[in-house]
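Below: one structure, written as structure tokens.
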Amino acid sequence: MDSTETRQEIVVGVDPRGGWQPAVAWGAEEAQLRRLQLRLALSVPPRGDTRYADDSPHHRRLEEDGRRTLTEAISWAQARSPEAEVTGSLLDGFPGRQLALLSREVRMVVLGTRRLRRVEEILSSGSVVVPVTAQAGCPVVVVGDGDEVGQDPPYLVVGVDGSEASGAALALAFEEADLRRCALHAIAVWQPPVFTLSSGDTLFHDERRHLSGTLAGWREKYPDVELRPEVRIGSPVEVLAEAGERALGMVVGRRGQGGYTGMKVGSVVHGLLHRARCPVITVPAP
């Protein structure tokens, strides 16, 4: 299902351990803005090795708890966004795998995060953020438990580096800013080369011209979006994280197709998932 015209759902992954409210709130608002259906999905891990013990009772308890949590989350979302059409799905399987599969059929996937340490995100079967972000066929929004709620006037941040993935991120960022009626900060991060025959001033001005040219067509398409382009010097992760301290969200591109076995998200995306204090929206390259 490749056409976004046919993708009529936003999916939110519901964590059965709790803490799902920020992600569900973000997904419900997005579904209402886009007039799309909202599906809350909760995955029950598969049964373990049954050669030595019957874990059916334990699995049934997990399913019952999952249904209760899903029902609670649906009621909570409906109360928060009464205009949104909310449904629920109880999935059988590890959540990362199931949500990555769903991402091929929906407009957007929204996840919460417990900000796992790097060892935990690799070894924990419950970790979903990195695998789904790496493999998804649609944009993935990661909403932290303690993310800042934004400032007035509201704004979004988008990272621009001239790549194909960055172009996809720009498309979504302008769309989001237009829907939310907020400003858009388009930031290119420049790291001065160690060895060069050109002056730093010349290279910096070239970077600014390149950013201006990249944004020219988008200005025309979205004239109502207040655009604030800026070139900053430093580490991309640190610069973007600082720029997004009080943003409604940060949009960045993800290079590569991912696929069901891909696990790499790139150093910038990975760094922002751990460092950013606002929701991080990762957009795969077309």
Side-chain angles (χ1 to χ4, degrees), residues 2 4 34 107-108 133 136-142 150 153-194 196-258 264-273 275-276 278-286:
D2 296 325
T4 57
R34 292 180 177 273
R107 185 78 64 89
M108 183 178 286
T133 300
C138 68
V140 175
V141 186
V142 177
Y155 68 97
L156 288 165
V157 171
V158 60
V160 184
D161 64 9
S163 66
E164 190 177 21
S166 173
L170 271 173
L172 183 65
F174 270 97
E175 193 176 312
E176 283 287 333
D178 193 48
L179 281 171
R180 295 173 181 271
R181 302 182 183 225
C182 69
L184 179 61
H185 295 196
I187 297 178
V189 182
W190 183 59
Q191 294 178 292
V194 178
T196 178
L197 298 177
S198 301
S199 70
D201 286 345
T202 299
L203 292 173
F204 185 75
H205 288 308
D206 285 346
E207 191 71 25
R208 292 180 65 181
R209 281 194 294 270
H210 183 264
L211 177 61
S212 180
T214 299
L215 297 173
W218 295 108
R219 286 181 184 271
E220 296 175 5
K221 187 173 181 180
Y222 292 94
D224 294 333
V225 172
E226 180 187 347
L227 180 62
R228 302 177 188 174
E230 186 178 0
V231 177
R232 295 192 186 183
I233 299 174
S235 157
V237 171
E238 293 304 316
V239 167
L240 290 172
E242 181 183 355
E245 281 283 330
R246 301 289 293 174
L248 293 177
M250 177 183 309
V251 189
V252 288
R254 189 202 80 207
R255 293 182 176 87
Q257 294 300 319
K264 295 182 179 179
V265 293
S267 59
V268 173
V269 172
H270 196 278
L272 289 172
L273 290 175
R275 171 77 172 77
C278 67
V280 176
I281 308 170
T282 305
V283 186

Write down the atom of [X], the atom of [Y], and the distance for their closest heavy-atom approach.
X    : Y    : value
G244 : V157 : CA-CG2, 4.1 Å
L240 : M250 : O-CE, 2.9 Å
L156 : A177 : CD1-N, 3.6 Å
C278 : G249 : SG-C, 3.9 Å
V160 : A186 : CG2-CB, 4.1 Å
V141 : P279 : CG1-CB, 4.3 Å

State, with a plain yes or no, whether a side-chain heavy atom of [X] is found less than 4.5 Å away from one of [Y].
X    : Y    : answer
V142 : V140 : yes
L227 : F174 : yes
T214 : L170 : yes
V237 : S267 : no
P139 : E176 : no

So if I apply the side chain to side chain contact (heavy atoms under 4.5 Å, CB included) rule between V252 and each of D161, V158, V269, which one comes out positive?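 Going through the options one by one, the only one that passes is V269.
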Expected output: side-chain R254 to main-chain T133 donor-acceptor under 3.5 Å: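 Looks like yes, one N/O pair under 3.5 Å.
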Identify whether the distance between the nearest side-chain nitrogen and carboxylate oxygen of E207 and R232 falls below 4.0 Å.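 A salt bridge is absent here (no side-chain N lies under 4.0 Å from a carboxylate O).
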Does atom CD of E242 have more than 12 heavy-atom neighbours from other groups under 6.0 Å away?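 Incorrect, the count does not exceed 12.
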Interatomic spacing from CG in L184 to OH in Y155 - rounded to 0.5 Å: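 Between L184 CG and Y155 OH, I get 11.5 Å after rounding to 0.5 Å.
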Rounded distance (nearest 0.5 Å) linking atom CG of L272 with atom OG1 of T282: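 L272 CG to T282 OG1: 8.0 Å, rounded to 0.5 Å.
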